[in-house]
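Along the sequence shown, the residues carry numbers beginning at 1.
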Amino acid sequence: MSIIKPDIDVLLEDANNDRFLLCTMASKRAHDINDMMCGQRNRAIQLQTAIEIARAAEMKPLSMAFSEIARGDVSYDKASIDLENN
């Protein structure tokens, strides 16, 4: 039983079974999500109610990144990884 959702095995499959690559993918995507959320905060306050904003903020950027990786929405350039390993 895993407390991580999605399951770590699913996430590792999407990262070529490389935990360091998974960590890099997730951290870069979470950073992008965080930047996007901070940039949209002022606009969201003008357009949405406090309840809608709270619902959107329930999920942390890293959790969002892991979900996106599991869905296949986030990937990496396999060619650049192969070049770095040689």
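Here the side chain of Asp18 pairs a donor or acceptor atom with the backbone of Phe20 at under 3.5 angstrom.
Note that the CE atom of Met25 and the CG atom of Asn16 stand 10.0 Å from one another [nearest 0.5 Å]. For the atom pair NZ of Lys60 and CZ of Phe66, the computed distance is 15.0 Å after rounding to the nearest 0.5 Å. Expressed to the nearest 0.5 Å, how far CG of Leu11 lies from SG of Cys23 amounts to 11.5 Å.
Taking the side chain to side chain contact (heavy atoms under 4.5 Å, CB included) definition, one finds that Ser27 meets it with nothing, sequence neighbours left out. Remark: Asn17 pairs with no residue by the side chain to side chain donor-acceptor pair (under 3.5 Å) rule, at least two apart or across chains.
Minimum heavy-atom separation, Pro6 to Ala70: CG-CB, 3.3 Å. Closest heavy-atom contact between Ala65 and Ala30: CB-N, 3.8 Å.
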- Message: Before you tell me yes or no, could you show the steps for Tyr76 and Asp14 under side-chain contact (heavy atoms from CB on, under 4.5 Å), namely the whole-Å CA-CA distance, both residues' side-chain angles and the distance that decides it to 0.1 Å?
- Response: CA-CA 9 Å; Tyr76 63 97; Asp14 294 322; over 6 Å; no

- Query: Could you walk me through whether Ile69 and Val10 pass the side-chain contact (heavy atoms from CB on, under 4.5 Å) check?
  - Reply: CA-CA 9 Å; Ile69 291 169; Val10 172; over 6 Å; no

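Here salt bridge (charged side-chain N to carboxylate O under 4.0 Å, His left out) pairs that include residues 64-75, with residues two or more places apart or in two chains, are Arg29-Glu68, Arg71-Asp73.
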